[in-house]
There are 2 protein chains.
Amino acid sequence: MSKRNKSKYAMLGMLSLKPMSGYDIKKNIERGIGSFWNESFSQIYPILRQLTNEGLATVSIEEQIGKPNRNVYSITEQGRAELKEWLDEPIIGQYPMRIELLLKLFFAHNVSPNVMITHVESFQTQMADTLMEYKEVEASLLKKLDSKKESIHYQYMTLKFGIYFCDATLKWCDQVIDDLKKLA
Amino acid sequence: MSKRNKSKYAMLGMLSLKPMSGYDIKKNIERGIGSFWNESFSQIYPILRQLTNEGLATVSIEEQIGKPNRNVYSITEQGRAELKEWLDEPIIGQYPMRIELLLKLFFAHNVSPNVMITHVESFQTQMADTLMEYKEVEASLLKKLDSKKESIHYQYMTLKFGIYFCDATLKWCDQVIDDLKKLA
DNA sequence: GAGAACATGTAAGCGGTTACATGATTAT
DNA sequence: ATAATCATGTAACCGCTTACATGTTCTC
């Protein structure tokens, strides 16, 4: 009944794309699903070891010259089965969002409107940067959409979420800055 | 340097609106900022006590007939000062988002598209419900906008974020369901 | 009669971040 | 030279959720 650890499924999902090391997984999470998911090394490495103990993944050590060895993990049939089981499950409950900017804005009557204008503007530039990154990824994904890999389509759908979110947020920022200026 | 506990400021912020009990704060958080912030009783009560120990709030016990006593907290000048300090600070770093639906969608090549159609559709109806609630709150806020309380304006701005977010998400759901049907 | 709302709290445990530890290679 | 990338891990700590504990009144 308690909140299950979803990091495990994030690992299995990543390994379902291709065999990877812990380091690879970190990078792929950042570049691929960083807008709505994050994992740190201190979670990744122990979970990966746990997966092998449970027979959901196997390891092979790749020796490299001049670099540390890579522990490359591959998903097993059993791992795939467990991943599918999780994918089938309906999603219950809410994702917790804690957006500090909005918390401050809600209590902004305690300070001058200019304070919040500054905060919202820097939030806005951050968002604009993020959107540009997404657009670049989009361009590279669009080239691959014809390929036989259906996973590309799913990657594109999640990316679109990020783009929709940024767009909406940027429009909101414009409006809020306008409103704040009227109060100032 | 470590991640500071922002729950404290959520409490101070709530008390900056009016004196409240822990129970009141919980309700006000749910109804007012629930779309981007949450607190549980096991955080609220200890923090409230801590605030009084630090001189940031005072308590008064209201006796009631047939109901448990209410411990009503009021913010002190010192509390207001600390709240303002926090409001002034620039917001550093990212808010962690963990949206399970998107995690599943990213790995959806492992299951039939119909599985994700089901998930996205129930996500969509949830969002639509949320949006309706927001619209109701919006209607009641619009009536109060003329009032002398400037805090209403800030409440409206944060509510607008929720509305923008829901709108964008609903449009995204429409598109994704279309795309998924083409894959099925 | 069941369940929600009112009202306050504690204890245990997991989830997750931050800091620590190590060290070579490559790019600026 | 300095920083970044590659690469794997551990330990400590904090934040937060879940479960537990208690009891009345009001609503369906």
Side-chain angles (χ1 to χ4, degrees), chain A residues 1-11 14 19-31 33-34 36-53 57 59-73 92-98 100 103, chain B residues 1-11 14 19-31 34 36-53 57 59-73 92-100 103:
Chain A
M1 201 62 58
S2 79
K3 202 174 213 170
R4 254 225 298 343
N5 188 3
K6 283 155 228 152
S7 300
K8 179 180 170 178
Y9 301 106
M11 304 295 109
M14 280 296 158
M20 283 190 232
S21 69
Y23 196 85
D24 292 337
I25 287 176
K26 183 80 201 295
K27 262 198 317 183
N28 276 279
I29 284 176
E30 276 167 9
R31 299 206 207 296
I33 60 179
F36 58 86
W37 207 265
N38 69 307
E39 299 288 348
S40 53
F41 283 128
S42 40
Q43 286 170 277
I44 292 171
Y45 288 121
I47 289 173
L48 245 21
R49 188 168 287 179
Q50 189 198 308
L51 290 180
T52 56
N53 291 339
V59 213
S60 69
I61 293 155
E62 263 181 31
E63 282 176 42
Q64 301 187 122
I65 23 171
K67 286 180 198 166
N69 290 347
R70 283 162 52 81
N71 301 0
V72 179
Y73 293 83
I92 34 98
Q94 287 302 314
Y95 42 92
M97 273 216 228
R98 290 187 139 208
E100 199 178 347
L103 190 66
Chain B
M1 201 62 57
S2 80
K3 205 172 208 167
R4 256 230 292 345
N5 188 5
K6 284 155 227 154
S7 300
K8 180 180 171 178
Y9 301 105
M11 306 292 110
M14 281 295 158
M20 284 190 231
S21 68
Y23 196 85
D24 292 337
I25 287 176
K26 182 81 200 295
K27 260 199 319 184
N28 276 277
I29 284 176
E30 276 167 9
R31 299 205 207 295
F36 58 86
W37 206 265
N38 69 308
E39 299 288 348
S40 53
F41 283 127
S42 39
Q43 285 169 276
I44 292 172
Y45 289 121
I47 289 174
L48 246 22
R49 189 168 287 177
Q50 188 198 309
L51 289 180
T52 56
N53 290 340
V59 213
S60 70
I61 293 155
E62 262 182 32
E63 282 175 43
Q64 300 188 122
I65 22 171
K67 285 180 200 168
N69 290 348
R70 282 162 53 80
N71 300 1
V72 179
Y73 293 83
I92 34 97
Q94 285 303 313
Y95 42 92
M97 271 216 226
R98 288 186 140 209
I99 305 179
E100 198 177 348
L103 190 66

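Letters go in sequence order (proteins before strands), and every chain restarts at 1.
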Can you find a pair of side-chain heavy atoms, one from B:E100 and one from A:I92, that are under 4.5 Å apart?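 SC-SC contact between B:E100 and A:I92 ruled out.
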Please state how far atom [atom1] in [X] lies from atom [atom2] in [N], giving the value in whole angstrom units.
X: A:I47; N: C:dC14; atom1: CD1; atom2: P; answer: 14 Å
X: B:N28; N: C:dA7; atom1: CG; atom2: P; answer: 12 Å
X: B:I92; N: C:dT17; atom1: CD1; atom2: P; answer: 14 Å
X: A:N5; N: D:dT18; atom1: CG; atom2: P; answer: 14 Å
X: B:M97; N: C:dG15; atom1: CE; atom2: C1'; answer: 20 Å
X: A:E100; N: D:dG15; atom1: CD; atom2: P; answer: 13 Å
X: B:Q50; N: C:dT10; atom1: CD; atom2: P; answer: 13 Å
X: B:E39; N: D:dT18; atom1: CD; atom2: C1'; answer: 16 Å

For B:F36, check ring pair (Phe, Tyr, Trp, His ring centres under 6.0 Å) against everything at least two apart and list the hits.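 In terms of ring pair (Phe, Tyr, Trp, His ring centres under 6.0 Å), with neighbours along the sequence ignored, B:F36 is linked to no residue.
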For A:K26, enumerate each residue passing the side chain to side chain donor-acceptor pair (under 3.5 Å) test, keeping only those at least two apart in sequence or located in another chain.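 Only A:E30 meet the side chain to side chain donor-acceptor pair (under 3.5 Å) criterion with A:K26.
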Under 3.5 Å between N/O atoms: give me all the protein pairs with nucleotides 6-10 of chain D, atom names plus distance.
unit_1, atom_1, unit_2, atom_2, d
D:dC6, OP2, A:Y23, OH, 3.2
D:dA7, OP1, A:Q64, OE1, 2.9
D:dA7, OP1, A:Q64, NE2, 2.6
D:dA7, OP2, A:R70, NH1, 3.3
D:dA7, O3', A:N69, O, 3.4
D:dT8, OP1, A:N71, N, 2.9
D:dT8, OP2, A:Y23, N, 3.0
D:dT8, OP2, A:Y45, OH, 3.0
D:dG9, OP1, A:R49, NH2, 3.2
D:dG9, OP2, A:N71, ND2, 3.0

Check the phosphate of [N] against [X], side-chain N and O only, distance under 4.0 Å to OP1 or OP2. Yes or no?
X: B:R98; N: C:dG15; value: no
X: B:Q43; N: D:dG15; value: no
X: A:S40; N: C:dG16; value: no

The helix from C:dG1-D:dC28 to C:dT28-D:dA1: angle between its terminal axes, five pairs each, to 10°?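 Computed angle between terminal axes is 60°.
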Taking side chain to side chain contact (heavy atoms under 4.5 Å, CB included) as the definition, give me every residue that meets it alongside [X], ordered by chain and number, with sequence neighbours left out.
X: B:S40; value: B:S42, B:Q43
X: A:P19; value: A:V72, A:S74
X: B:N28; value: B:M14, B:K18, B:M20, B:D24
X: B:E63; value: B:N69

Interatomic spacing from CG in A:L103 to OH in B:Y9 - rounded to 0.5 Å: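 Between atom CG of A:L103 and atom OH of B:Y9 there are 11.5 Å.
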Residue pairs involving residues 37-51 of chain B (criterion salt bridge (charged side-chain N to carboxylate O under 4.0 Å, His left out); sequence neighbours excluded):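 Listed once each, the pairs are A:R98-B:E39.
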